[in-house]
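To keep things clear, I will list the structure first and then write my remarks on it.
All values below were derived from every heavy atom in this structure, side-chain atoms included, with hydrogens, water molecules and symmetry-related copies excluded.
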Amino acid sequence: MTIRGQGRNYFRPALISVQTLLREAQLPSSDLTAAHLEHFIGCGSGEALDGVVGLEMYLPHALLRSLAVASTKRGHGIGQALLAEAERYAQYRGAREIYLLTTTAESFFRLAHYGHVARDDVPQAIRRTTEFASLCPASAVVMRKKLA
């Protein structure tokens, strides 16, 4: 599948490519299966991704996970473009809010208008995810963005 948007070609990436990039970025990938990739968007080439972003859909909410850009491609707006594409995709699929957890990219997401939210205020469907319940440490910052 190829998605064209904002001057980039986006596609559904292969599991091995996603896992490789996430390991390089030191992001969790142990729970990923091919089924998770239904809501993942990649750019670059299938073998060597420039970047990837993944969503888990729990309508009307979505969990943004796994936003990563290859170390050699950082600083070129790929992360911002992938985030914008993920937000458009989530909204198109019916999500009204996107939640995420981060230990290293709080300022990046704040610039994209994500705000802090207390863990207790996160919807149950999101709190039951593997990422929320066990993969991300309790010290991770929880953020949310309401979609227009």
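For the pair Arg127 (side chain) and Ala133 (backbone), a donor-acceptor distance under 3.5 Å is absent. With His36 contributing its side chain and Thr33 its backbone, the two residues share a donor-acceptor pair below 3.5 Å. Judged by distance alone, with hydrogens and angles left aside, the side-chain atoms of Lys145 form a donor-acceptor pair with the main-chain N or O of Ala112 at under 3.5 Å. Without hydrogens or angle criteria, Ser17 side chain to Pro13 main chain gives no donor-acceptor distance under 3.5 Å. Side chain of Glu24 to main chain of Ser71: a donor-acceptor pair is present (N/O by atom type, distance under 3.5 Å, no hydrogens or angles). Side-chain N or O atoms of Arg144 include none that pairs as donor or acceptor with a backbone N or O of Gly115 at under 3.5 Å. Using a distance-only test at 3.5 Å, with no hydrogens or angles considered, no donor-acceptor pair links the side chain of Arg23 to the main chain of Pro28.
Taking CD1 of Ile78 as the start and CG of Leu82 as the end, the distance is 7.5 Å to the nearest 0.5 Å. Between Glu85 atom CD and Cys43 atom SG the span is 10.0 Å, to the nearest 0.5 Å. The distance from atom OH of Tyr99 to atom OH of Tyr114, rounded to the nearest 0.5 Å, is 11.5 Å. The OG1 atom of Thr72 lies 7.0 Å from the CG atom of Asp50; values are rounded to the nearest 0.5 Å. Note that the CD atom of Gln26 and the OG1 atom of Thr103 stand 9.5 Å from one another [nearest 0.5 Å]. With rounding to the nearest 0.5 angstrom, the NZ atom of Lys146 is 9.5 Å from the NE2 atom of His61.
A side chain to side chain contact (heavy atoms under 4.5 Å, CB included) with Leu55 is found for one member of Leu64, Ile41, Leu100 and no other, namely Leu64.
Leu59 and Ile98 fall within a single hydrophobic cluster, where Ile, Leu, Val, Met, Phe, Trp and Tyr side chains are chained together by heavy-atom contacts under 4.5 Å.
Considering every non-hydrogen atom in both Ala95 and Leu147, the closest pair reads O-CD1, 3.5 Å. When all heavy atoms of Leu49 and Val18 are compared, the closest pair comes out as CD1-N, 3.9 Å. Heavy-atom minimum distance, Ala81 versus Tyr10: CB-OH, 3.4 Å. Residues Phe132 and Ile126 approach most closely at CB-O, 3.3 Å, considering heavy atoms. Heavy-atom minimum distance, Val52 versus Leu22: CG1-CD2, 4.2 Å. When every heavy atom of Met143 is checked against every heavy atom of Glu106, the shortest pair comes out as CE-O, 3.8 Å.
Using a cut-off of 4.0 Å between Lys/Arg side-chain N and Asp/Glu carboxylate O, Arg65 and Asp31 are scored as salt-bridged.
Using a 4.5 Å heavy-atom threshold, the side chains of Val141 and Phe109 count as separate. No side-chain heavy atom of Leu83 sits less than 4.5 Å from a side-chain heavy atom of Arg88. Counting heavy atoms from C-beta outward, Pro123 and Tyr58 have side chains that stay 4.5 Å or more apart. Taking 4.5 Å as the limit, every side-chain heavy atom of Thr102 sits out of range of all side-chain heavy atoms of Phe108.
Using cut-offs of 30° and 60° on the angle between ring planes, the pair Tyr89 and His39 is tilted.
For CZ of Arg96, the number of neighbouring non-hydrogen atoms (other residues, nucleotides, ligands) closer than 6.0 Å is 12 at most.
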Carefully, step by step, assess Glu56 and Thr129 under the rule side chain to side chain contact (heavy atoms under 4.5 Å, CB included).
CA-CA 9 Å; Glu56 292 183 23; Thr129 64; 3.7 Å; yes

